[in-house]
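To start, the structure itself, in structure tokens.
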Amino acid sequence: MCAAVYILSTVTGYVLTSALLLKCPTLVHRKKRERFLGRHISHRGGAGENLENTMAAFKHAVDLGTDMLELDCHLTKDEQVVVSHDHNLQRVCGRNANISELAYAELPPYFCRLGVTFQRGCFCNGGDDKRIPLLQEVFEAFPNTAVNIDIKINNDTLIRKVSELVVQYDREHLTVWGNSSNQVVKKCYKENPQIPVLFSLPRVLQLLGLFYSGLLPFVPLKEQFLEIPMPSIINKLKDPNSLTRSQRVIAWLADRLLMRKALFQHLTARGIQVYIWVLNEDEDFQRAFDLGATGVMTDFPTRLRDFMNRKAISLL
């Protein structure tokens with residue numbers, strides 16, 4: 001009887017303490033300093049309105065007032081840091097070669113027309129700018145715009161050179177970097193702990209485990225940005241009739257587990273921003289902000305700006 005009472009009181013105390021600290025995390029954790037706030041984030045510069053990861057796309061997004069540019073980096077054979085999502089140029093340029101195999105001057109231009117990855121059946125027809133830019137050019141052109149960098153490959157030289165550029169252009173307060181690989185994120189943090197990092201995929205899974213076990217309020221977190229997909233959008237990216245029953249169940253379950261308002265509120269109270277990607281329709285924008293997401297990443301920066309204006313969600 002005494003043992004049962006002890007166990008019950010211990011469990012009750014743990015649950016109550018966890019619930020309290022979930023709501024009030026600053027009782028045990030110092031709130032992370034927000035160097036910038038990303039509400040409106042342009043995915044690859046806005047891949048639905050201009051050719052992805054081009055200077056034209058970035059300029060268009062910045063002119064619209066985007067808070068943050070999201071882009072991807074690779075390293076050329078002559079060790080230039082370039083902005084490109086794919087390591088192989090087949091999809092975007094029609095040349096079956098890896099960026100790492102070519103010098104920067106040898107990189108071919110983009111196609112005039114590219115598919116928009118996160119908008120089924122949509123293509124973007126570009127203008128005159130079809131050139132793969134250097135990361136340095138982005139930093140020089142937009143010195144006051146926050147940049148979200150996806151380090152696309154596990155390459156120590158790439159990580160070091162990106163860090164050097166961030167420091168050279170005094171952008172440690174305007175940059176976040178990372179990758180889905182925990183190994184890459186660890187290397188980024190070790191290379192320059194002054195640049196905030198994203199949660200890797202393994203760390204997202206660990207975060208969920210901590211949240212659902214009630215341990216999250218007790219655990220310190222080094223990351224400052226959580227960047228996650230909204231799993232329900234799979235029904236818009238693929239033909240619903242092509243999805244198997246198991247795929248629909250997995251998407252539903254992942255959505256239930258990830259899209260948790262209590263989790264987002266806890267993280268933002270700790271100074272950790274929550275970005276949801278890649279959303280391109282008003283109903284998904286609305287859901288993300290209703291759940292308490294800090295910001296939304298989109299291929300259509302004009303569409304998101306107009307939505308935010310209608311809903312009086314301020315751009316910074």
After noting the C-alpha distance and the side-chain angles of N192 and E164, does the key distance pass the side-chain hydrogen bond (donor to acceptor under 3.5 Å, both in side chains) rule?
-> CA-CA 9 Å; N192 191 337; E164 289 173 352; over 6 Å; no

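- Note: N235 CG to R120 CZ = 9.5 Å, rounded to the nearest 0.5 Å.
- A search for side chain to side chain donor-acceptor pair (under 3.5 Å) contacts involving D290 returns Q286, not counting sequence neighbours.
- Looking only at side-chain heavy atoms (C-beta outward), L165 and V81 come within less than 4.5 Å of each other.
- Take F307 and apply the ring pair (Phe, Tyr, Trp, His ring centres under 6.0 Å) test, not counting sequence neighbours, and it matches F285.
- No more than 12 heavy atoms of other residues, nucleotides or ligands sit less than 6.0 Å from atom CG of D128.
- At a threshold of 4.5 Å between non-hydrogen side-chain atoms, the residues P108 and L89 count as touching.
- Using a 4.5 Å cut-off on side-chain heavy atoms (C-beta onward), F300 and R305 make no contact.
- Side-chain contact check for L226 versus L198: every heavy-atom pair is 4.5 Å or farther apart.
- Residues meeting the salt bridge (Lys or Arg N to Asp or Glu O under 4.0 Å) test with D284, sequence neighbours left out: K236.
- Screening residues 135-151 for salt bridge (Lys or Arg N to Asp or Glu O under 4.0 Å) gives R131-E137, D150-K152 as the qualifying pairs, with residues at least two apart or on separate chains.
- Contacts of N144 classified as side chain to side chain donor-acceptor pair (under 3.5 Å), with partners at least two apart in sequence or in another chain: none.
- Legend: residues meeting salt bridge (Lys or Arg N to Asp or Glu O under 4.0 Å) with K130, ordered by chain and number and at least two apart, are absent.
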Any chance you could lay out the side-chain hydrogen bond (donor to acceptor under 3.5 Å, both in side chains) test for T66 and S42, step after step, and finish with the verdict?
-> CA-CA 7 Å; T66 195; S42 298; 3.0 Å; yes

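- The OG atom of S84 sits 12.5 Å away from the CG atom of L135 when rounded to the nearest 0.5 Å.
- Using a distance-only test at 3.5 Å, with no hydrogens or angles considered, no donor-acceptor pair links the side chain of H60 to the main chain of N50.
- Counting heavy atoms from C-beta outward, K77 and L102 have side chains that stay 4.5 Å or more apart.
- Residues passing the salt bridge (Lys or Arg N to Asp or Glu O under 4.0 Å) test with D282 are R310, sequence neighbours excluded.
- When atom types are taken as modelled, the side chain of T54 and the backbone of A57 share a donor-acceptor pair closer than 3.5 angstrom.
- The main-chain N or O of L257 is found under 3.5 Å from a side-chain atom of Y212 such that the two form a donor-acceptor pair.
- Residue pairs meeting the salt bridge (Lys or Arg N to Asp or Glu O under 4.0 Å) criterion with at least one partner in residues 79-95, sequence neighbours excluded, are E52-R91, D86-R91.
- No side-chain donor from either of D67 and H40 sits under 3.5 Å from a side-chain acceptor of the other.
- T17 places no side-chain N or O within donor-acceptor distance of the main-chain N or O of Y14, the cut-off being under 3.5 Å.
- Here C73 contributes atom SG and I151 contributes atom CD1; the two are 5.5 Å apart, rounded to the nearest 0.5 Å.
- By the 30° and 60° cut-offs, the orientation of the rings of W277 relative to F118 is perpendicular.
- Inter-residue side-chain proximity for P196 and R35 is flagged as met; some heavy-atom pair is nearer than 4.5 Å.
- None of E227, H43, E70 except one satisfies the side chain to side chain donor-acceptor pair (under 3.5 Å) rule with N148; the exception is E227.
- Each salt bridge (Lys or Arg N to Asp or Glu O under 4.0 Å) pair with one or both residues in residues 244-264, not counting sequence neighbours, appears once here: D255-R287.
- Side chain of N154 to backbone of V184: no donor-acceptor contact under 3.5 angstrom is found.
- The backbone N or O of D299 lies less than 3.5 Å from a partner atom in the side chain of N280, making a donor-acceptor pair.
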Donor-acceptor pairs under 3.5 angstrom involving side-chain atoms of residues 262-276: please list them, not counting sequence neighbours.
unit_1: H266; atom_1: ND1; unit_2: L22; atom_2: O; d: 3.0
unit_1: H266; atom_1: NE2; unit_2: R270; atom_2: NH1; d: 3.1
unit_1: T268; atom_1: OG1; unit_2: F264; atom_2: O; d: 2.9
unit_1: T268; atom_1: OG1; unit_2: Q265; atom_2: O; d: 3.1
unit_1: R270; atom_1: NH1; unit_2: L216; atom_2: O; d: 3.2
unit_1: R270; atom_1: NH1; unit_2: V219; atom_2: O; d: 3.3
unit_1: R270; atom_1: NH2; unit_2: V219; atom_2: O; d: 2.7
unit_1: Q273; atom_1: OE1; unit_2: G38; atom_2: N; d: 3.1
unit_1: Q273; atom_1: OE1; unit_2: Y275; atom_2: OH; d: 2.8
unit_1: Q273; atom_1: NE2; unit_2: F36; atom_2: O; d: 2.4

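- Applying the side chain to side chain donor-acceptor pair (under 3.5 Å) test to S246 and every residue at least two apart in sequence or in another chain returns T244.
- If you chain together hydrophobic residues whose side chains sit under 4.5 Å apart, Y189 and L201 never meet in one group.
- With S163 contributing its side chain and I159 its backbone, the two residues share no donor-acceptor pair below 3.5 Å.
- Applying the salt bridge (Lys or Arg N to Asp or Glu O under 4.0 Å) test to residues at least two apart or on different chains, the pairs with a partner in residues 209-226 are R203-E223.
- Inspection of the N98 and S100 side chains reveals no N or O donor paired with an N or O acceptor under 3.5 Å.
- Side-chain contact between I233 and L279: present, with at least one pair of heavy atoms (C-beta onward) separated by less than 4.5 Å.
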Where do D156 and K187 land on the salt bridge (Lys or Arg N to Asp or Glu O under 4.0 Å) test, with the steps shown first?
-> CA-CA 8 Å; D156 294 352; K187 287 183 177 182; 2.9 Å; yes

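- In plain terms, the two heavy atoms of P231 and P229 that are nearest each other are CD-O, 3.2 Å.
- Taking the side chain as every heavy atom from C-beta outward, Y104 and V82 approach each other to under 4.5 Å.
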